[in-house]
Amino acid sequence: DPVLRLSASVPPGRYRAPTYGFFVNTNQGDVRLREFSAEASLDVPLDQAARGTVRVEVRDGEGGRTQERVRVERPKFMGL
């Protein structure tokens, strides 16, 4: 089955311990694809990603506030 491979990165030194959260924004609300963790990549089944806008958030350490957020609109990755 096709997958969307997501890989996030931040410049060295910007955060002490970056953690990444992956979500899909749908008409019914947010779907968490994975809890925040130090792992910066995730493979998402394309049919799941296609339900809405994919969002990646970056926090500095565990339990911190979201510092950065990137959204990838469905048309950007469905044309692949």
Side-chain angles (χ1 to χ4, degrees):
D1 292 335
V3 297
L4 177 64
R5 178 162 288 160
L6 302 168
S7 183
S9 65
V10 294
R14 181 175 286 182
Y15 301 106
R16 289 178 296 113
T19 58
Y20 305 89
F22 296 86
F23 307 85
V24 173
N25 298 79
T26 70
N27 291 340
Q28 286 81 35
D30 289 351
V31 175
R32 185 180 307 237
L33 299 172
R34 191 180 69 209
E35 295 286 335
F36 280 86
S37 77
E39 177 58 43
S41 28
L42 179 69
D43 288 346
V44 182
L46 195 56
D47 62 337
Q48 186 176 10
R51 294 179 188 162
T53 299
V54 174
R55 187 176 84 237
V56 180
E57 296 185 3
V58 182
R59 293 181 178 173
D60 193 5
E62 294 295 323
R65 290 185 32 224
T66 296
Q67 301 294 317
E68 294 186 53
R69 180 178 291 125
V70 175
R71 290 179 174 87
V72 182
E73 301 290 332
R74 185 173 178 236
K76 292 264 189 195
F77 61 83
M78 288 306 290
L80 301 176

* Tell me, with the steps shown, if Leu33 and Val24 meet side chain to side chain contact (heavy atoms under 4.5 Å, CB included). => CA-CA 7 Å; Leu33 299 172; Val24 173; 3.6 Å; yes

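- Follow the hydrophobic side-chain contacts under 4.5 Å out from Val72 and you reach Leu46 in the same cluster.
- When hydrophobic clusters are built by joining Ile, Leu, Val, Met, Phe, Trp and Tyr residues whose side-chain heavy atoms come closer than 4.5 Å, directly or via intermediates, Val44 is grouped together with Val54.
- Looking only at distances, no side-chain donor or acceptor of Arg5 sits under 3.5 Å from a matching main-chain atom of Asp43.
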* Asked: Given Gln67 and Arg14, is the side chain to side chain contact (heavy atoms under 4.5 Å, CB included) satisfied, shown in steps?
  -> CA-CA 10 Å; Gln67 301 294 317; Arg14 181 175 286 182; over 6 Å; no

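- Grouping the Ile, Leu, Val, Met, Phe, Trp and Tyr side chains by contacts below 4.5 angstrom, directly or via other members, places Val10 with Val56.
- Asp60 places a side-chain N or O within donor-acceptor distance of the main-chain N or O of Arg16, the cut-off being under 3.5 Å.
- For Asn25 (side chain) and Asp30 (main-chain N/O), no donor-acceptor pair under 3.5 Å exists by modelled atom type.
- Between Arg71 and Thr53, the closest heavy-atom pair is CB-CG2, 3.9 Å.
- With hydrogens and angles disregarded, a donor-acceptor distance shorter than 3.5 Å links the side chain of Thr19 to the backbone of Gly61.
- For the pair Phe23 and Gly21, the tightest heavy-atom approach, listed with the atom from each and the gap, is CE1-C, 3.6 Å.
- Side-chain atoms of Arg59 come within 3.5 Å of backbone N or O of Gly64 as a donor-acceptor pair.
- Residues Pro45 and Asp1 form no side-chain contact, since every pair of their non-hydrogen atoms from C-beta on lies 4.5 Å or further apart.
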* Do Phe22 and Leu6 pass the side chain to side chain contact (heavy atoms under 4.5 Å, CB included) test, and can you show the C-alpha distance, the side-chain angles, and the key distance before you say yes or no? -> CA-CA 9 Å; Phe22 296 86; Leu6 302 168; 3.7 Å; yes

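- Ser41 and Glu39 share a donor-acceptor pair across their side chains, judged by distance under 3.5 Å alone.
- A pairwise comparison of heavy atoms in Leu4 and Ala49 identifies CD2-CB, 3.9 Å as the closest pair.
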